[in-house]
Number of protein chains: 2
Amino acid sequence: MSYTTDSPFKSISILYRKSHIWLSNGCAGAGLTAAQAVVILILCDFRALTQDEITKRLSLDKSVIAKTVTKLEEGGFLLREPNPRDKRTYQIRPTEKGWQVYPLIKQEVEGCFARMTQRMSETERAEFRRLLALAADTTLEPEE
Amino acid sequence: MSYTTDSPFKSISILYRKSHIWLSNGCAGAGLTAAQAVVILILCDFRALTQDEITKRLSLDKSVIAKTVTKLEEGGFLLREPNPRDKRTYQIRPTEKGWQVYPLIKQEVEGCFARMTQRMSETERAEFRRLLALAADTTLEPEE
DNA sequence: TAAAAATGGTGGCAACTGCCACCATTTCAA
DNA sequence: TTGAAATGGTGGCAGTTGCCACCATTTTTA
């Protein structure tokens with residue numbers, strides 16, 4: 001008997017948890033957890049960001065980013081440079097070691113989507129991507 | 001500046017986290033966390049299940065379900081009846097208190113989907129639901 | 001300009017989850 | 001039928017996340 005998913009809430013939970021398991025396994029060899037990998041990814045995409053900018057781009061709580069950034073600095077994947085213009089903030093940049101794992105992470109993240117959509121047509125896959133983005137953006141709207 | 005979602009991986013993370021925050025807030029008044037609410041939901045849907053059946057229906061690790069069921073039993077939301085046919089298992093049923101929160105949980109879970117799809121047309125919403133289910137089912141396929 | 005508010009960041013706590021080792025029981029196979 | 005494998009469940013540990021209280025700094029405002 002197959003336990004087919006019946007509710008969107010459950011589907012989203014399953015997709016989230018499975019893709020994080022895949023990313024964890026894919027990045028374990030590089031010494032990175034899934035959450036750390038995502039931060040490296042966004043950091044390499046933008047070259048340099050403050051913690052607050054990372055927080056907004058990933059829409060995670062700022063304390064979560066603080067902890068992840070600390071771990072990544074300890075692991076030598078990024079550097080915090082104090083910002084002379086605003087002493088409250090750091091400029092955060094990937095190190096050489098960070099750049100080295102960037103291609104792997106990009107590939108793993110794209111692989112997750114490919115894997116969960118392998119039974120979709122090209123058209124369905126594009127539509128799924130569009131609707132996911134629309135839903136996520138709607139979620140981020142300020143409350144009224 | 002709006003930080004629009006660009007990758008499906010990120011979209012799924014955001015949708016998962018936001019919907020769990022919504023469900024947590026919606027169920028806090030009933031003395032339930034989001035994970036507990038989902039177990040009550042599936043239990044009331046099927047009237048009686050073993051832990052293993054809950055595990056399969058939610059595709060969560062069995063130890064996660066064990067912990068949640070323990071908490072729910074302590075909270076008086078469900079009962080474990082030892083199963084005479086197989087002494088390894090319990091039959092788990094909602095109590096009266098469990099049944100009382102069922103309608104609220106159902107409403108909250110449906111509200112999550114309505115909320116994230118509020119900018120979609122009816123057609124898009126149906127298609128999104130279908131594609132989510134397809135992706136989640138694909139994810140659950142045995143590896144080959 | 002001084003007080004108040006906003007911003008960026010940190011640390012603690014709790015909830016959720018996955019993985020693993022383990023136990024008891026049941027099922028399967030030699 | 002007995003030993004091995006599978007099944008259902010538990011407990012510990014670690015990773016991810018959100019919320020809150022708090023601090024330092026910057027910006028706003030009265």
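By convention in this document, chain letters (A, B, ...) are assigned in the order of the sequence lines, proteins followed by strands, and residues within each chain are numbered from 1.
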Asker: How long is the line joining CG of Leu72(B) and C1' of dA15(C), in whole Å?
Answerer: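 Distance check: Leu72(B) CG to dA15(C) C1' gives 13 Å.
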Asker: Donor-acceptor pair, distance only, cut-off 3.5 Å: does the side chain of Glu73(A) make one with the backbone of Thr70(A)?
Answerer: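 Here the side-chain-to-backbone pair does not exist.
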Asker: Once rounded to the nearest 0.5 Å, what's the spacing between atom CD of Gln36(B) and atom CD1 of Ile105(B)?
Answerer: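 Going from the CD atom of Gln36(B) to the CD1 atom of Ile105(B) covers 9.5 Å.
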Asker: With respect to Pro8(B), which candidate in Arg125(A), Arg129(A), Arg130(A) satisfies the side chain to side chain contact (heavy atoms under 4.5 Å, CB included) definition?
Answerer: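 Among Arg125(A), Arg129(A), Arg130(A), the one meeting side chain to side chain contact (heavy atoms under 4.5 Å, CB included) with Pro8(B) is Arg129(A).
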Asker: Using a heavy-atom cut-off of under 4.0 Å over every strand shown, decide if Lys87(A) touches base, sugar-phosphate, or nothing.
Answerer: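 Since only primed, P, OP1 and OP2 atoms lie under 4.0 Å of Lys87(A), the category is sugar-phosphate.
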Asker: Hey, does the side chain of Ser19(B) reach the backbone of Tyr16(B) with a donor-acceptor pair shorter than 3.5 angstrom?
Answerer: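 Yes; at least one donor-acceptor contact below 3.5 Å.
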Asker: For Asp52(A) and Thr50(A), which I'm curious about, is there any donor-acceptor pair between the side chains at under 3.5 Å?
Answerer: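 No pair is found: no donor N or O on one side chain lies under 3.5 Å from an acceptor on the other.
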Asker: What's touching nucleotides 17-19 of chain C from the protein side, N or O pairs under 3.5 Å?
Answerer:
from	atom 1	to	atom 2	distance (Å)
dT17(C)	OP1	Tyr16(B)	OH	3.3
dG18(C)	OP1	Arg17(A)	NH1	2.9
dG18(C)	OP2	Asp61(B)	N	3.0
dG18(C)	O6	Lys67(B)	NZ	2.9
dC19(C)	N4	Ser63(B)	OG	2.3

Asker: On DNA chain D, which is the earliest and which the latest nucleotide, 5' to 3', with an atom closer than 4.0 Å to a heavy atom of chain A?
Answerer: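 First-to-last contact on DNA chain D, by the 4.0 Å heavy-atom rule, is dG15(D) to dT26(D).
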Asker: Are any non-hydrogen side-chain atoms of Leu43(A) and Arg93(A) less than 4.5 angstrom apart?
Answerer: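 No, side chains not in contact.
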Asker: Give one of base, sugar-phosphate or nothing for Thr55(A), where a contact means two heavy atoms less than 4.0 Å apart.
Answerer: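 Touches nothing.
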Asker: Atom NZ of Lys62(B) and atom C1' of dC16(C): how far apart are they, to the nearest Å?
Answerer: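 Roughly 19 Å, once rounded to whole Å.
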Asker: With a 4.5 Å cut-off on side-chain heavy atoms, are Thr117(B) and Glu124(B) touching?
Answerer: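 Not touching, per the 4.5 Å side-chain cut-off.
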Asker: Within the structure provided, determine whether Asp137(A) and Arg119(B) are in side-chain contact (heavy-atom separation under 4.5 Å).
Answerer: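 When only atoms from C-beta onward are counted, Arg119(B) and Asp137(A) do touch, with a gap below 4.5 Å.
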